[in-house]
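Take a look at the structure set out below.
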Amino acid sequence: MKAAAFAYARATSVVNALDLLQAHGDRAKVLSGGQSLMPAMNLRLISPELVVDIGEVAELRGISVTGDTVRIGALTRHVELQRSPEIAAHAPLLTEAIAHVAHPAIRNRGTIGGSLAHADPASELPACMVALNATIIIRGKTGERRVVATDFFTGIYETALSAQELLVAVELPAARRKSAHFFCEFARRHGDYAIAGLAAQAVVEGDLFADLRLAFFAVGNRPVLAKAATKLVNIAITPAVLSAALAALSQELDPQSDLQASASMRRHLAGVLLTRCVGTLLGRSDLGAGGSA
Amino acid sequence: MTAPVSISLDVNGERVDALVLPRLNLADFLREQLQLTGTHVGCEHGVCGACTVRVNGEIVRSCLMLAVQAHGAAVQTIEGLSDSGEVADLQAAFRDRNALQCGFCTPGMLMAAQDLLKQEARPDRDRIREHLSGNYCRCTGYQAIIDAVETTARARGGRRV
């Protein structure tokens, strides 16, 4: 299908974009890479009256590292993240995850800000932001506000962003020494949205997790930071400890059933992912990596 | 409110000036206004890859890009790559390896395959499969397509040595 008719404005700056959003509110939509917005418009799921194209706003571009903080401009394209030596050095989880975000032609256009603002619960980058404990930086007419990723995603395609605001950047703590990451998703075709996925960031001290953030995706209405991780931190991991964490995970997840998978299948896959994650990060093949949940 | 917008772009090396409605996507602009019908429109929501073209040297889905967004850009379609001879060997390999079938997906497959071969001289079959995973073939001729891309990669690699 084709998108319904709309008016088009090419924003010249962040201030100009905010003026347009202020004037038109939720009748307007922000267009960055268009890889989520255009499908939604072509399928007539949404029909904005005005499309505010921020694609040329140079101040929203770029990746920078200052001290222990990695800042990624909202307009940074997936392909730029994938090829960035700064991201590979300081947020390698993202480098790995991006390979699973759609396909090359889409990664050439899609932007991190667009993906996060769209907030598809089955997409990779929102979960990565939760795993990495990112801060989402939002600009409005009255100034800037910062929201931690776990509070930013509020539901299916719902975020803390208001119709008058613009997501301008994200900031991540740079990976520390002894940090480790894990990314895995089950999808029907490489690059499709996940049936179930896990993005994890850990600090491994010897045989133990000193810290573990498990962000599951496609198993809830937003990325889920699993509380079950607490059962695995600062404790020797035995099959019994892992079983307790799996049971806790199963309790806290509330996945949806859809055409791709039933809720129970998603719960099962989440357990498989947790087992693989723990086994991989600790180098413990004895924990039944890939085994049943 | 939805007035036509004036755009200027470079398509296959030729300057194009046009007036387009904001809702017009790049694929339809190429097909209907410029009669460059090699770019195919399949799913229109970014899943099938039949509409793949190059914008400023990188492959994109032309069904997910508005014509107005291509203002100032350099666009190359399958006609451009074919006329310049850039993909002549790839086209020959598709024919030789029986990778054409109905042909609907072929322009997008060629665009995506050439994109990979520009980046990597000797991709293995898994890499080829991964790079083409965003392109659907309705005849499910995938094995032959991978064969054709692999054959071309080997032949080009051989020439370089």
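Order of the sequence lines fixes the chain letters, A, B, ..., with proteins taken first and strands second; residue numbering starts at 1 for each chain. From a predicted model like this one, the values you see are computed outputs, not experimental measurements. Worth knowing before you read on, the calculation uses all heavy atoms, side chains too, and leaves out hydrogens, waters and symmetry mates.
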Strictly by modelled atom types, are [X] and [Y] linked by a side-chain donor-acceptor pair under 3.5 Å?
X         : Y         : answer
Ser133(B) : His190(A) : no
Thr151(B) : Arg97(B)  : yes
His24(A)  : Glu49(A)  : no

With only heavy atoms counted, which part of [X] is less than 4.5 Å from chain A, the side chain, the backbone, both or neither?
X         : result
Leu64(B)  : both
Val47(B)  : both
Leu116(B) : neither
Asp28(B)  : side chain

**Request:** Please flag which part of Leu31(A) lies under 4.5 Å from any non-hydrogen atom of chain B: side chain, backbone, both or neither.
**Result:**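 The side chain, not the backbone.
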**Which portion of Ala102(A) sits near chain B, non-hydrogen atoms under 4.5 angstrom** =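 The answer is neither part of Ala102(A).
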**Item:** cation_pi(Arg189(A), Tyr136(B)) dist<6.0 Å, angle<=45
**Value:**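 Yes, Arg189(A) sits over the ring of Tyr136(B).
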**Request:** May I ask you to name which of Val5(B), Leu66(B), Asp115(B), Thr52(B) has the most heavy-atom pairs under 4.5 Å with chain A?
**Result:**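 The candidate making the most pairs under 4.5 Å is Leu66(B).
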**Centroid-centroid distance, Phe183(A) to Phe217(A), less than 6.0 Å** =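 Yes.
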**Prompt:** salt bridge (Lys or Arg N to Asp or Glu O under 4.0 Å) between Glu44(B) and Arg44(A): does it pass, once the steps are laid out?
**Reply:** CA-CA 11 Å; Glu44(B) 298 199 300; Arg44(A) 302 283 178 112; over 6 Å; no
